[in-house]
Amino acid sequence: GRVCVDIDECETGTHNCHGDDYCTNTAGAFNCTCGIHNCPAYAFCVDLDGSPACLVIDCVLGYEPHSHGCADLDLFSGCCIDINECDRGTNNCHANGRCINTPGSFNCTCLPGYTGNGVHCVDTYPCETGNHNCH
């Protein structure tokens with residue numbers, strides 16, 4: 001048969017632990033820890049006066065922590081990215097409306113042939129489309 005040898009990602013530098021995280025090799029994988037802490041998702045291990053600590057990324061409404069971490073931990077640039085409510089379906093636009101993603105939010109507009117604010121849309125020409133209850 002074949003003999004498998006564990007690759008030590010910590011030793012080879014092929015792990016994805018952030019900054020001051022400690023990399024620990026395991027069979028077929030590795031773990032990243034922040035000293036004695038296990039940082040939650042969207043947190044990074046930083047050195048605070050010689051002691052490792054978890055720094056949690058807190059984004060403003062309409063944004064979420066970037067899954068690849070921060071480009072610059074000192075300035076938090078690139079840490080938070082816009083949530084696209086249109087793609088996620090977490091908007092309240094009408095079925096005959098269109099969702100337009102904006103930084104940190106979204107807008108709704110009615111489709112052609114409909115009027116309203118995008119959240120509520122009514123048929124502009126109900127007689128022509130048959131969307132009426134006229135006799």
Side-chain angles (χ1 to χ4, degrees):
R2 295 183 177 179
V3 176
C4 296
V5 178
D6 178 53
I7 297 171
D8 186 339
E9 295 87 357
C10 302
E11 188 67 34
T12 61
T14 55
H15 60 83
N16 61 355
C17 297
H18 294 282
D20 294 309
D21 284 358
Y22 295 99
C23 181
T24 306
N25 189 56
T26 62
F30 61 92
N31 288 322
C32 301
T33 56
C34 185
I36 61 170
H37 311 285
N38 284 320
C39 296
Y42 305 128
F44 300 92
C45 184
V46 294
D47 184 352
L48 295 178
D49 298 325
S51 298
C54 296
L55 178 65
V56 177
I57 305 306
D58 189 19
C59 298
V60 297
L61 184 65
Y63 289 83
E64 65 186 1
H66 195 287
S67 62
H68 300 295
C70 298
D72 183 350
L73 279 174
D74 292 329
L75 300 175
F76 288 94
S77 65
C79 289
C80 298
I81 58 170
D82 177 53
I83 296 170
N84 189 329
E85 297 86 357
C86 300
D87 287 349
R88 290 193 182 174
T90 56
N91 62 78
N92 61 342
C93 298
H94 191 269
N96 292 314
R98 181 173 62 130
C99 182
I100 302 163
N101 190 55
T102 61
S105 190
F106 64 94
N107 290 321
C108 301
T109 59
C110 292
L111 295 174
Y114 294 87
T115 59
N117 62 8
V119 176
H120 301 286
C121 298
V122 293
D123 192 341
T124 306
Y125 308 104
C127 293
E128 293 176 12
T129 61
N131 291 332
H132 59 82
N133 57 359
C134 301
H135 298 285

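- Shown here are the side-chain hydrogen bond (donor to acceptor under 3.5 Å, both in side chains) partners of T12, two or more places apart in sequence or in another chain: T14.
- When all heavy atoms of D82 and G104 are compared, the pair lying nearest together is OD1-N, 2.7 Å.
- Other residues, nucleotides and ligands place no more than 12 heavy atoms under 6.0 Å from the CD1 atom of I7.
- The distance from atom CZ of F30 to atom OG1 of T24, rounded to the nearest 0.5 Å, is 10.5 Å.
- In this structure, the side chain of N91 engages the main chain of E85 through a donor-acceptor pair within 3.5 Å.
- Counting heavy atoms from C-beta outward, E11 and N25 have side chains that stay 4.5 Å or more apart.
- To the nearest 0.5 Å, atom CG of residue N96 and atom OG1 of residue T109 are 11.5 Å apart.
- Going from atom CG of N107 over to atom CG of N117 covers 11.0 Å, rounded to the nearest 0.5 Å.
- Distance SG/C99 to CG/D87: 8.5 Å, rounded to 0.5 Å.
- In this structure, N92 has no side-chain hydrogen bond (donor to acceptor under 3.5 Å, both in side chains) partners at least two apart in sequence or on a different chain.
- Here OG1 of T26 is found 7.0 Å from CG of D6. Values are rounded to the nearest 0.5 Å.
- Distance check, rounded to the nearest 0.5 Å: NE2 of H94 to SG of C110 gives 7.5 Å.
- With C93, the cysteine C86 has an SG gap of 2.5 Å or longer.
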